[in-house]
**Student:** 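Before I ask anything, here is the structure I am working with.
Both counts, for ligands and for their atoms, begin at 1 and track the order of listing.
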Amino acid sequence: MAKYGIVVDITRCNGCYNCFLACRDEFCGNDYPPYSLAQPNTGHFWMRIIERERGKFPKVKVAYTPLLCMQCENAPCISASLNGAVYRRPDGIVIIDPEKAVGQKQIVDSCPYRVIYWNEQKNIPQKCTFCAHLLDAGWKEPRCVEVCPAGALNFGDLEDPNSGVSQMIASNKTGVIHPEYELNEKVCYIGLPKRFIAGTVVFGDKDECAENVDITLTGDGVKKTIKTNNYGDFEFEGLEAEKEYSVKIEYPGYAPQEFIAQTKIDVYLGEIILT
Ligand code: SF4
Ligand code: SF4
């Protein structure tokens with residue numbers, strides 16, 4: 001029996017909202033008993049895109065993180081439900097039974113990822129089902145995965161070592177949003193936003209972008225050297241938060257410079273003028 005999971009590659013997500021719209025298209029106004037009842041037209045985000053602005057002008061990026069039910073193996077929503085109203089299928093998909101869950105508002109509060117929504121009109125909690133009704137009808141993937149134009153959403157069998165998702169996980173580049181919850185989530189991520197340190201180097205005597213300058217980052221057990229690009233820009237991405245790093249800037253014929261940066265937030269060191 002397959003065990004389904006999704007690997008979200010954040011480095012590919014461009015925030016187009018196709019996944020969100022496909023989810024709305026599939027579920028708004030459509031009942032799929034016993035999997036789910038219709039999603040209301042407003043107020044629910046079974047697939048939600050979290051947008052986080054990073055850095056400060058002129059070095060600004062937006063990180064898009066698609067957030068959906070993590071189909072946890074140790075799911076608190078199952079423990080919080082009465083009469084087996086939330087259950088895990090043999091393929092790992094966690095389903096809220098729309099009949100048994102009537103009136104059970106405590107299920108909404110049980111999810112630490114906050115991905116369960118209360119349907120006021122129908123008096124039930126609701127969430128992403130991985131489109132279980134479609135998978136059972138022979139579909140190979142949920143609607144959101146099918147419409148993603150960027151290849152950011154990858155669906156497959158976690159038990160099959162040859163599946164795309166298993167191979168991504170085997171690459172050791174994946175992680176879950178909240179490992180501290182210890183829920184054994186079946187949705188994991190590549191490229192979860194961490195911290196960056198960036199800057200721009202200029203040759204002061206020529207007033208030109210300083211290309212090919214050696215920039216060495218040291219700290220938190222890391223030491224690496226990169227070169228500035230033809231705009232004089234450099235960036236170290238994927239650094240841990242709340243750490244201290246030294247950034248050394250060296251180019252023959254110019255005085256070296258060193259900066260200390262703390263990654264409480266993303267850091268842009270600004271324009272650094274070599275003299
Ligand atoms: S993410 Fe929330 S709703 Fe989904 S299985 Fe885990 S606890 Fe339940
Ligand atoms: S469809 Fe794909 S690229 Fe577009 S927002 Fe969703 S995950 Fe990101």
**Student:** Check the pair Tyr117, Gln39 against side chain to side chain donor-acceptor pair (under 3.5 Å), reporting the backbone distance first and the verdict last.
**Tutor:** CA-CA 9 Å; Tyr117 297 85; Gln39 184 182 137; over 6 Å; no

**Student:** Got the closest protein heavy atom to atom 5 (S) of ligand 1, with its distance?
**Tutor:**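 For atom 5 (S) of ligand 1, the nearest protein heavy atom comes out as Cys72 N, 3.3 Å.
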
**Student:** For the aromatic rings, using the six-membered ring if either is Trp, is the centroid distance between Tyr251 and Phe203 under 6.0 Å?
**Tutor:**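 Under 6.0 Å, so yes.
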
**Student:** What residue and heavy atom of the protein are closest to atom 7 (S) of ligand 1, and at what distance?
**Tutor:**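 Looking only at protein heavy atoms, the one closest to atom 7 (S) of ligand 1 is Pro76 CD, 3.5 Å.
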
**Student:** With atoms numbered from 1 as shown, which atoms in ligand 1 lie under 4.0 angstrom from a non-hydrogen atom of Val115?
**Tutor:**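 What qualifies from ligand 1 is 1 (S), 2 (Fe), 3 (S).
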
**Student:** Please find out if atom 4 (Fe) of ligand 2 and some N, O or S atom of Cys16 are separated by less than 2.8 Å.
**Tutor:**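 Within the cut-off used here (under 2.8 Å), Cys16 does place an N, O or S atom near atom 4 (Fe) of ligand 2.
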
**Student:** Assigning hydrophobic clusters by single linkage (Ile, Leu, Val, Met, Phe, Trp, Tyr; side-chain heavy-atom cutoff under 4.5 Å), is Ile197 placed with Val222?
**Tutor:**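 In one cluster: yes.
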
**Student:** From the options Leu153, Thr65, Asn14, select the one whose nearest heavy atom is closest to atom 3 (S) of ligand 2.
**Tutor:**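 The nearest heavy atom belongs to Asn14.
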
**Student:** Need the ligand 2 atom indices (1-based, order shown) with element for anything under 4.0 Å from a heavy-atom of Cys19.
**Tutor:**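 Every atom of ligand 2 under 4.0 Å from some heavy atom of Cys19: 1 (S), 5 (S), 6 (Fe), 7 (S).
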
**Student:** Taking the six-membered ring of Tyr17 (Phe, Tyr or Trp), confirm whether the NZ or CZ of Arg24 is under 6.0 Å from its centre and within 45° of its axis.
**Tutor:**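 Negative - Arg24 is either too far from the ring of Tyr17 or too far off its axis.
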
**Student:** I'd like to know if Val8 and Leu192 are part of one continuous hydrophobic network [Ile/Leu/Val/Met/Phe/Trp/Tyr, side-chain heavy atoms within less than 4.5 Å].
**Tutor:**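 Yes; Val8 is reachable from Leu192 via cluster members.
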
**Student:** With a heavy-atom distance limit of 4.0 Å, tell me whether Leu183 approaches ligand 1 through its side chain, its backbone, both, or neither.
**Tutor:**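 Leu183 to ligand 1: no contact under 4.0 Å from either part.
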
**Student:** Counting heavy atoms only, which part of Lys127 comes closer than 4.0 Å to ligand 1: side chain, backbone, both or neither?
**Tutor:**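 The part of Lys127 near ligand 1 is the side chain, not the backbone.
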
**Student:** Taking CD in Glu180 as the centre, count heavy atoms belonging to other residues, nucleotides or ligands within less than 6.0 Å. Is the count above 12?
**Tutor:**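 Counting other residues, nucleotides and ligands, CD of Glu180 exceeds 12 neighbours.
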
**Student:** Which atoms of ligand 2 are found less than 4.0 Å from any heavy atom of Ile49?
**Tutor:**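 This gives 5 (S) as the contact atoms.
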
**Student:** Indicate, with yes or no, if the rings of Phe196 and Tyr268 have centres closer together than 6.0 Å.
**Tutor:**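 Centroid separation for Phe196 and Tyr268: 6.0 Å or greater.
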
**Student:** Which atoms of ligand 1 are found less than 4.0 Å from any heavy atom of Ile116?
**Tutor:**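 That gives atoms 3 (S) of ligand 1.
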
**Student:** For ligand 2, which atoms have a heavy atom of Pro66 less than 4.0 angstrom away?
**Tutor:**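 So the atoms of ligand 2 that pass are 7 (S).
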
**Student:** Starting from atom 4 (Fe) of ligand 1, which protein heavy atom do you reach first, and at what distance in Å?
**Tutor:**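 Protein heavy atom at minimum distance: Cys69 SG, 2.4 Å.
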
**Student:** Mind checking whether Tyr17 has a heavy atom under 4.0 Å from ligand 2?
**Tutor:**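 Yes; Tyr17 lies near enough to ligand 2 that a heavy-atom distance drops under 4.0 Å.
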
**Student:** Evaluate the criterion side-chain contact (heavy atoms from CB on, under 4.5 Å) for residue pair Asn123 and Trp118; output intermediate values, then yes/no.
**Tutor:** CA-CA 7 Å; Asn123 200 27; Trp118 185 248; 3.0 Å; yes

**Student:** Note the single closest protein heavy atom to atom 8 (Fe) of ligand 1, along with its residue, its atom name and the distance in Å.
**Tutor:**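 So the nearest neighbour among protein heavy atoms is Cys77 SG, 2.3 Å.
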
**Student:** Among all protein non-hydrogen atoms, which one is nearest to atom 2 (Fe) of ligand 1, and what is the separation to 0.1 Å?
**Tutor:**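 Looking only at protein heavy atoms, the one closest to atom 2 (Fe) of ligand 1 is Cys111 SG, 2.3 Å.
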
**Student:** Between Phe236 and Tyr245 (judged by ring centroids, cut-off 6.0 Å), do the two rings come close enough to count as a pair?
**Tutor:**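 No - the distance between ring centres of Phe236 and Tyr245 does not fall below the 6.0 Å cut-off.
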
**Student:** Give me the residue, atom name and distance of the protein heavy atom closest to atom 1 (S) of ligand 1.
**Tutor:**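 Among all protein heavy atoms, the one nearest atom 1 (S) of ligand 1 is Met70 N, 3.2 Å.
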
**Student:** Let me see the working for Glu26 and His133 under side chain to side chain donor-acceptor pair (under 3.5 Å), right down to the final yes or no.
**Tutor:** CA-CA 11 Å; Glu26 185 64 25; His133 63 293; 2.8 Å; yes

